[in-house]
Amino acid sequence: MINKGIRIQELSDILEKEKRENDLARIVNPFSCGTLNVENGVVSSNSSCYQIWNHNHRCTNCHSKRACIQNEVLHKTEILDNKLYKIKTTPYKVIMDNNEEKQVVIESVNISELSDKPVNMDLSNDPSSSVANSILFDSQFGIIHLNAGHQVVFANSAAKNMLLRNGEDSNASITTTVNNWLDGRLDAENPDEKIFVQRYEYDQTDYFFNVQIIPLSMDDGQNYVFLLQERTQEDSDLLAKLRDYDPITGVFNESGFQNKLQKILKAHPDNNYTLMCLQMNNFKTINSVFGANIGNAILCRVAEILTNIAEDHGCVCHFYSNQFGLFTETPFFDREKLALDLESVKNAADGLNLGLNFQIGVYQLDDYTLSPEIICGRAALAVRNTPESDTFITFTNYTKKMSEDHLSDSMLLPTFEKAVSNDEFKMYLQPQTDRYGNLLGAEALARWDRDEEGIVSPGSFIHRFEKKGIIYRLDKLIWEKAAALLASWKNTSLKDISISVNVSPLDISLMDIVDTFKELVQKYDIDPGLMHIEITENAMIGHAEQVISTVNRLHQLGFIVEIDDFGSGYSSLNMLKDLHVDTLKIDRGFLEETAQKNRSKTILSAIIRLASDIGMSVVTEGVETEEMLNSLCEMGCEIFQGFYFSKPVTIEDFEKKYR
């Protein structure tokens with residue numbers, strides 16, 4: 001393993017060292033095919049990494065991605081514009097500020113000029129010895145001489161026939177090939193092995209050679225001679241099978257599947273195709289509880305079912321562990337038959353209750369120019385967007401929005417950092433009033449003011465921030481703005497108005513919110529009783545003792561604590577008994593029109609009376625009509641929040657109305 005994780009600053013220091021020691025060094029995210037910048041402890045995306053090679057599309061054989069997957073330093077050679085690029089790819093796991101890990105690679109490149117003089121790869125015009133010349137040219141072995149400048153200065157006819165199957169004479173092509181073979185020995189398990197097997201792909205066909213590399217010390221430096229012997233077709237077929245097929249199920253592995261998929265599309269570009277990604281849930285548990293024999297029997301049965309569907313119309317892949325792929329002509333993809341056949345998987349375990357279910361992502365090809373990797377990725381993305389369900393089998397179709405959301409998520413952190421530095425997150429206030437509209441307090445709400453888009457609805461980013469684990473940073477930002485605003489009101493008519501701020505479950509998990517609020521009170525010299533702290537009832541799930549302790553400590557410092565969205569999910573009388581909060585904020589769901597309107601009204605009335613009896617105030621959210629207001633007043637509610645009185649407004653509009 002290269003490392004167990006480093007911080008951003010360490011990565012920046014390593015990059016600077018590599019820049020000093022090499023002609024070029026850069027950070028790359030090989031999974032999104034982009035370079036990365038590190039500045040002031042922040043990682044942000046830059047241009048596409050493949051542009052340096054004069055490509056306008058993703059590299060089909062990304063060495064940096066392989067370095068990440070294998071967690072090893074790898075080496076390769078590229079020739080471009082008569083220059084030789086020697087590239088070292090070193091993978092790193094970077095620990096972000098929110099403790100999320102990101103996989104990146106530092107590519108270190110040394111560049112040397114190739115000779116402008118054409119290299120004579122045929123020595124027949126200048127033989128040093130007729131015997132030696134005969135041996136060199138008539139040998140059944142391919143012979144290649146690589147000089148100290150890493151240029152091919154000689155290749156006999158056998159080597160040319162092996163590497164240039166169409167008879168072309170390309171010095172650059174052979175030079176690139178043997179340089180990569182030489183570099184590949186640094187990656188090998190036994191780099192000093194005298195003779196090794198080397199795969200060579202030419203025109204989408206695989207060939208295999210026995211290769212020996214002989215080092216030669218000469219006047220111009222270290223030279224190498226390559227001896228090549230082509231393996232028999234039988235050997236080549238066996239090696240190809242070992243390379244391209246899964247040993248457990250006998251179907252393609254990921255590499256073989258993508259190669260086959262590409263060949264099918266090239267041979268039959270006018271057909272309609274569907275790619276399906278199948279994921280078996282609970283498979284790891286099955287292996288652990290029932291053993292590998294049961295697990296392998298299930299894998300083989302699923303592979304058999306998919307192979308019967310594909311027949312001669314497509315191909316099947318066992319990606320890894322619990323995932324399979326099926327690529328077939330669309331008319332032969334029968335969902336109902338597949339679902340029925342998968343029921344038989346239960347029989348593979350001799351009637352054991354495995355609790356197995358399947359999530360299936362389906363991508364019907366609409367762009368045949370995409371690489372196999374992206375095609376497979378779209379089906380896999382559909383699987384990731386499949387909602388959790390106890391249903392035995394669930395199908396989800398890929399949509400363009402999934403890719404847009406996935407891309408947005410990958411750009412979320414650098415976009416967030418930029419938004420913070422540009423002060424794009426604004427605090428809006430929604431008034432809390434009595435029945436007559438007299439101001440009693442306000443709730444602080446986050447809004448994202450993006451110049452090109454205007455005000456972005458919180459519904460489009462809050463859940464993504466929660467998913468990415470950065471919601472706590474936004475919350476802290478709003479808390480600070482609320483404290484600063486309370487300080488600015490101290491000598492005004494709003495000096496007694498409270499502001500309620502939201503605390504998410506993640507906030508409680510990632511930081512000591514008591515110390516954070518205590519520091520804000522001290523920094524801005526404000527009354528803690530005017531900063532009301534709203535904790536959602538769902539924060540209690542799995543963290544009850546921590547939340548109870550936190551609330552007690554906040555009370556000791558003089559803060560007012562509220563339970564937000566009460567009644568939205570996991571309300572219980574035990575929570576009211578154990579959690580000594582000051583205010584209940586009733587979820588707006590109680591006010592929605594439903595078939596159980598009278599039942600909801602009875603429950604809501606009882607909650608309000610109960611809260612009053614144990615000394616808690618009640619704020620009802622979502623009040624939108626006069627009818628709602630009158631009904632709540634009859635139940636005993638005294639504090640209201642909702643569009644009937646005011647939508648969330650800017651601080652300027654709030655102060656203009658109530659100051």
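These numbers were taken from a predicted model, which means no experiment stands behind them.
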Below 4.5 Å, heavy atoms only, C-beta onward: do [X] and [Y] meet side chain to side chain?
X	Y	answer
Phe559	Val514	no
Tyr658	Ile497	no
Asp366	Arg378	yes
Asp434	Phe640	no
Cys277	Gln323	yes
Pro528	Leu557	no
Val503	Phe517	yes
Glu443	Val619	no

Rounded distance (nearest 0.5 Å) linking atom [atom1] of [X] with atom [atom2] of [Y]:
X	Y	atom1	atom2	value
Ile14	Tyr92	CD1	OH	4.0 Å
Glu655	Thr650	CD	OG1	9.0 Å
Thr625	Phe643	OG1	CZ	13.5 Å
Ile607	Cys637	CD1	SG	11.5 Å
Leu632	Glu627	CG	CD	10.5 Å
Lys495	Leu486	NZ	CG	13.5 Å

Do other residues, nucleotides or ligands put more than 12 heavy atoms under 6.0 Å from the [atom1] atom of [X]?
X	atom1	answer
Glu638	CD	no
Asn491	CG	no
Lys426	NZ	yes

Can you see which heavy atom on [X] is nearest to which on [Y], and at what distance?
X	Y	value
Val501	Ala482	CG1-CB, 3.7 Å
Ala382	Gly361	CB-CA, 3.6 Å
Leu530	Asp496	CD2-O, 3.6 Å
Pro30	Val105	CG-CG2, 4.3 Å
Thr516	Lys476	CG2-CE, 4.4 Å
Ala444	Leu429	CA-CD2, 4.0 Å

Does either side chain, that of [X] or that of [Y], offer a donor lying less than 3.5 Å from an acceptor on the other one?
X	Y	result
Thr89	Ser64	no
Asp507	Ser504	yes
Gln279	Asn281	yes
Gln432	Gln641	yes
Arg609	Ser605	yes

Would you mind listing every side chain to side chain donor-acceptor pair (under 3.5 Å) that reaches into residues 519-534, with sequence neighbours excluded?
-> Glu480-Lys523, Glu480-Tyr524, Lys490-Asp525, His532-Glu562, Glu534-Lys585
Test applied, side chain to side chain contact (heavy atoms under 4.5 Å, CB included); reference residue, Asn502; option that passes from Thr536, Ile478, Leu445 = Leu445
Whether the side chain of [X] engages the backbone of [Y] through a donor-acceptor N/O pair (distance < 3.5 Å, no angle test) should be reported.
X	Y	answer
His555	His580	yes
Thr492	Trp489	yes
Gln546	Ile508	yes
Asn322	Met280	yes

Aromatic ring pairing Phe416/Phe425, orientation class (parallel under 30°, perpendicular over 60°, tilted between) = tilted
Name the orientation class of the two ring planes belonging to Phe392 and Phe358 (parallel below 30°, tilted from 30 to 60°, perpendicular beyond 60°).
-> perpendicular
List the steps, then state whether side-chain contact (heavy atoms from CB on, under 4.5 Å) holds for Leu474 with Ile471.
-> CA-CA 5 Å; Leu474 176 62; Ile471 188 66; 4.2 Å; yes
List the steps and the verdict of salt bridge (charged side-chain N to carboxylate O under 4.0 Å, His left out) for Asp367 and Lys400.
-> CA-CA 12 Å; Asp367 185 349; Lys400 186 178 180 181; over 6 Å; no
Might you work through the side-chain contact (heavy atoms from CB on, under 4.5 Å) test for Leu278 and Ile360, ending with a clear yes or no?
-> CA-CA 5 Å; Leu278 177 149; Ile360 297 179; 4.0 Å; yes
Worked verdict on Asp423 versus Lys481 for side-chain contact (heavy atoms from CB on, under 4.5 Å) = CA-CA 11 Å; Asp423 193 28; Lys481 289 178 180 289; 3.1 Å; yes
Should Lys647 and Asp653 count as an ion pair when the cut-off is N to O under 4.0 Å?
-> no
Using a strict 4.0 Å threshold on nitrogen-to-oxygen distance, state whether Arg553 and Asp512 make a salt bridge.
-> yes
Test log, rule side-chain contact (heavy atoms from CB on, under 4.5 Å), inputs Leu439 and Leu494 | CA-CA 9 Å; Leu439 183 67; Leu494 298 175; 4.0 Å; yes
